[in-house]
Amino acid sequence: MDNDAERALLPNGGALGAVLAAGIGSLALGVFVIANEAGIFTAPSLYGPSGGLSGRSTFAVVTWLVAWGILHARWRDRNLPAIRVLTWALALAGLGILMTFPPVWRLL
Amino acid sequence: MLFSDRSLWTMLHGLVLSGGAFMLLVTALFALRAMAAPDGASVPARQSTGFAGLTAAIAVLLWMSVLGGTYIVFPMYRATPPEGIASLADYPRALLMSNADTRWLHAFAMEIKEHMPWIAAMLATAAAFVARRHRATLLADPALRHVTGALLALALLLVASVALLGVFVNKMAPLW
């Protein structure tokens with residue numbers, strides 16, 4: 001497929017679904033971390049030697065992949081505003097990063 | 001023996017996989033800028049597939065580093081020392097926590113190292129997917145180029161921060 005054909009035939013929604021899903025996955029990891037630190041929800045350890053990290057990270061990855069699958073199915077045939085989706089994805093990722101930052105959860 | 005199995009795993013995790021991802025992230029960000037084409041221009045297939053391959057390699061390296069770090073290196077780091085042991089040198093977490101001056105390396109640095117690399121891996125995977133799916137037009141599409149560049153830049157920031165913290169931890173409590 002040449003450039004013009006791809007531009008005409010391949011909407012950007014599929015790619016942007018992956019971008020937003022990465023933001024959702026990042027936020028999910030932050031939520032699992034902060035919920036664990038606040039004693040609200042503790043993801044079970046799925047591999048003893050790695051402790052709770054194995055559960056938190058696995059739950060976040062599952063959330064990421066499910067979100068990616070849903071967004072891909074819904075957006076793959078659509079053209080979306082790329083910068084707006086990127087802004088949301090970065091905002092979600094930023095929140096996720098903030099929630100995995102120890103000084104933040106020590107405020108709880 | 002010059003290197004133990006434990007130190008080899010640490011070097012593979014930190015230097016080969018994370019270090020490789022770090023260098024490729026810098027390369028990809030440079031390439032994205034250097035190979036940018038005017039909107040709608042035709043991009044040589046070698047450049048577009050090369051860039052897609054570069055981002056895929058970053059994602060693969062980061063996932064290998066994250067999974068190896070979580071399931072191989074981290075268990076060695078957090079192993080609990082037996083009662084009454086004379087030296088904590090083989091138990092990095094216990095060693096760091098035994099001294100008030102180094103306790104922050106576990107409570108701050110390692111806590112960050114446990115989680116943030118997963119975010120970098122997810123972001124890099126998204127960038128690789130965008131670069132692969134739109135490989136024919138990405139370098140000549142300002143919006144998608146901007147999206148890919150932002151994801152790679154954030155991943156680079158996270159990888160660099162975590163690598164620096166890893167150096168601090170490894171300096172004070174290496175896995176011998």
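Each chain gets a letter, A, B and so on, in the order its sequence line appears, and its residues count up from 1.
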Chain B contact via [X] - side chain, backbone, both or neither, heavy atoms under 4.5 Å:
X: A:Thr58; answer: side chain
X: A:Val19; answer: both
X: A:Leu29; answer: side chain
X: A:Pro81; answer: neither

Going by an N to O cut-off under 4.0 Å, is there a salt bridge joining A:Glu37 and A:Arg106?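 The answer is no: the pair does not qualify as a salt bridge.
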Using non-hydrogen atoms only, which part of [X] is less than 4.5 Å away from chain A: side chain, backbone, both, or neither?
X: B:Ala107; result: both
X: B:Leu154; result: side chain
X: B:Ile72; result: neither

Is any residue of residues 46-66 of chain B within less than 4.5 Å of chain A by heavy atoms, and which ones?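 Within residues 46-66 of chain B, the residues that come under 4.5 Å of chain A (heavy atoms only) are B:Trp63.
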How are the rings of B:Tyr77 and B:His106 set relative to one another: parallel (under 30°), tilted (30 to 60°) or perpendicular (over 60°)?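 Parallel, since the angle between the ring planes stays under 30°.
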Look at A:Ala82, A:Ala22, A:Ser26, A:Ala60 and state which one has the largest set of heavy-atom pairs under 4.5 Å with chain B.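 If we count pairs closer than 4.5 Å to chain B, A:Ser26 comes out on top.
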Is the distance from the ring center of B:Phe108 to that of A:Phe101 below 6.0 Å?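 Yes; A:Phe101 has its ring centre under 6.0 Å from that of B:Phe108.
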